[in-house]
Amino acid sequence: MSLHRYPGSSRLPDWAGPTTSPSVVVIACSAGGLAALFDVLASLDPDFPAAIVIVQHRGRQFAELLPALLQNRTVLRVRHVQDGDLLEAGTVYICPPGKHLTAEHCLRLVNGPKLDFVQPSADLMFRSVADAYGPRAVGVVLSGTGSDGTLGCRLIAEAGGKVLVQDPRSCAHAAMPSAAIGGGHVDLVLPPIEIGASLRRIVDELSGKRTLTKAPRAPSTTVVLVDDHRIILDGLRTLLHNEDDIQVLADAQDGHTAVKLSAQLSPDVVVMDVAMPDLDGVAATREIKARNPKTAVVALSARTDQRTAARILKAGATGYVSKEDAFAELAIAIRAVAARQPYFSPRVASFIAPTPSV
């Protein structure tokens, strides 16, 4: 794809620059991107030290609706771009429909035909911010159809900036993120709930600030999450995100994928949903333990009956956590089984390891 050089897309002069935004984050999305935008923006603090520019393919109907929707989900300021806007940290700028957008010492709205069938063009905006901000540019690609943004990701990466892409498995429409990943210039692939935290860390690093982190308790325990419901997987990722000594490598929504990922990644622990269609958690646990006995398995289930627990423990699990108790107990259980110690929720512990009679 070749990009037309519209007015306003020239390289930023050395003397020029934004007033309060040392870095710029450009988020590109299309169909299905609204939910992802909600998740990303909701996780950002009001002191977020960069400007955010949103380039979304959308119709001209209800043009003012998007700023209002996003303002209800974030503490940052949200508004449509006006030509000549200076970029201010802590502000979310939305490209209005029917226009293209570029960045130089300010934001420029550009009239012009669709580029590769889309308007606004994420590739055009990515290129201009790569030219203007170089290593201080950050590109984000969320859910959408088509391949807009793929070339722009390469240009940002070549300029020394960072590129984050929504995990296609969490997308309503995976074409845009998948195309960007296929282009080979992506730094991180994450579900949207984790992109916000990563953006803060990256922007702090680009602006020369050190992100304060707690010292890890120990070398990271690596984990694969398995559940047939995406909303539960995203919840588990969020739950474990702030555990310094636990690293989630991947997740799976079925037993076959769980077995494959476990063989490829050799995680320390697999958190395994018991009840799944096709290859259930019991059979998947049996296969995982047969291939790699060192991988520990924590069963996770809404059921706390003795028969269910006995089946998966016989298959090789050494931990069992009720889904009702997962918020309080899952990280504890992961650490326990990684240290070769069994762990059982109180709801099931009584019949798994009965207390000796006095």
Side-chain angles (χ1 to χ4, degrees), residues 35-36 38-40 42-43 164 166-172 188-198 214 216-218 220-262 264-282 284-285 288 295-304 308-309 312 315-339 342-348:
F38 286 163
D39 286 341
V40 172
S43 64
L164 291 75
Q166 182 178 353
D167 188 334
R169 294 171 296 180
S170 68
C171 294
L188 292 172
V189 179
L190 300 168
I193 56 173
E194 293 186 27
I195 288 177
S198 297
K214 294 179 284 186
R217 296 183 183 90
S220 290
T221 297
T222 55
V223 176
V224 168
L225 303 173
V226 186
D227 197 286
D228 61 338
H229 293 95
R230 169 51 56 185
I231 191 170
I232 292 179
L233 286 175
D234 287 346
L236 295 178
R237 273 187 177 269
T238 302
L239 175 65
L240 298 174
H241 179 71
N242 291 323
E243 302 294 336
D244 298 322
D245 58 332
I246 296 174
Q247 178 187 7
V248 177
L249 298 178
D251 59 57
Q253 289 185 257
D254 62 84
H256 292 294
T257 304
V259 172
K260 181 179 178 181
L261 286 174
S262 297
Q264 292 174 342
L265 302 175
S266 296
D268 298 313
V269 179
V270 174
V271 176
M272 179 69 72
D273 184 18
V274 177
M276 294 186 292
D278 196 6
L279 191 71
D280 68 7
V282 175
T285 296
I288 288 169
T295 293
V297 176
V298 173
L300 187 66
S301 179
R303 302 181 63 177
T304 55
T308 301
I312 197 159
T318 51
Y320 196 106
V321 175
S322 163
K323 286 188 177 181
E324 292 186 33
D325 301 323
F327 183 83
E329 297 182 13
L330 185 57
I332 299 171
I334 289 171
R335 294 185 186 107
V337 300
Y343 184 92
F344 309 115
S345 284
R347 296 174 192 268
V348 297

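As a basis for the values below, the full set of heavy atoms in this structure was taken, side chains included, without hydrogen atoms, waters or symmetry mates. Keep in mind it's a predicted model, so treat the numbers as computed, not measured. For this chain, numbers begin at 1 and follow the sequence in order.
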Hey, mind stepping through L233 and R169 against side-chain contact (heavy atoms from CB on, under 4.5 Å) and telling me if it holds? CA-CA 11 Å; L233 286 175; R169 294 171 296 180; over 6 Å; no
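- Of the candidates T295, V224, V223, V270, L265 forms a side chain to side chain contact (heavy atoms under 4.5 Å, CB included) with just one, namely V224.
- Considering only heavy atoms from C-beta on, M272 comes within 4.5 Å of I288 through its side chain.
- Nearest heavy-atom pair, V298 versus A333, reported as atom, atom and distance to 0.1 Å: CG2-O, 4.1 Å.
- Between the side chain of R237 and the backbone N or O of I193, no donor-acceptor pair lies under 3.5 Å.
- The distance from the CG atom of L249 to the OG1 atom of T222 is 5.0 Å, given to the nearest 0.5 Å.
- Two residues are said to be in side-chain contact when any heavy atoms from C-beta on lie closer than 4.5 Å; R335 and V269 fail this criterion.
- Looking at every heavy atom in both residues, A299 comes nearest to V274 through CB-CG2, 4.0 Å.
- From I232, atom CD1 reaches atom CG of L225 across 11.5 Å, with rounding to the nearest 0.5 Å.
- Taking CD from Q253 and CG from D273, the interatomic distance works out to 11.0 Å, rounded to the nearest 0.5 Å.
- Proximity of a side-chain donor or acceptor of D280 to a complementary backbone N or O of A275 within less than 3.5 Å is not detected.
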Would you sort out whether E243 and L330 count as a side-chain contact (heavy atoms from CB on, under 4.5 Å), showing the intermediate values? CA-CA 11 Å; E243 302 294 336; L330 185 57; over 6 Å; no
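- Note that CG of L190 and OG of S198 are 4.5 Å apart. Values are rounded to the nearest 0.5 Å.
- Nearest heavy atom pair, residue A197 against residue S43, reads N-OG, 4.1 Å.
- Atom CG of L240 is separated from atom CG of D245 by 10.0 Å, given to the nearest 0.5 angstrom.
- The shortest heavy-atom contact between P277 and D228 is CD-OD2, 3.5 Å.
- In this structure, CG on D251 lies 7.5 Å from CG on D234, to the nearest 0.5 angstrom.
- Across all non-hydrogen atoms, the minimal contact from V259 to A284 is CG2-O, 3.9 Å.
- By the side-chain contact (heavy atoms from CB on, under 4.5 Å) test, V189 pairs with D167, P168, I181, V186, sequence neighbours left out.
- A 4.5 Å side-chain heavy-atom check between H256 and D278 finds at least one atom pair inside the cut-off.
- By the 4.5 Å heavy-atom criterion applied to side chains, I332 and Y343 are counted as neighbours.
- More than 12 non-hydrogen atoms from other residues, nucleotides or ligands lie less than 6.0 angstrom from CZ of R230.
- Annotation: side-chain contact (heavy atoms from CB on, under 4.5 Å) contacts of S345 (sequence neighbours excluded): V321, S322, D325, E329, V348.
- Closest non-hydrogen pair, P342 versus A336, comes out as O-CB, 4.4 Å.
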Using the rule given for side-chain contact (heavy atoms from CB on, under 4.5 Å), can you reason through Y320 versus I312, listing the C-alpha separation, both sets of side-chain angles and the distance that settles it, and then say yes or no? CA-CA 9 Å; Y320 196 106; I312 197 159; 3.8 Å; yes
Show the numbers, then the answer: is there a side-chain contact (heavy atoms from CB on, under 4.5 Å) between M276 and V226? CA-CA 10 Å; M276 294 186 292; V226 186; 3.7 Å; yes
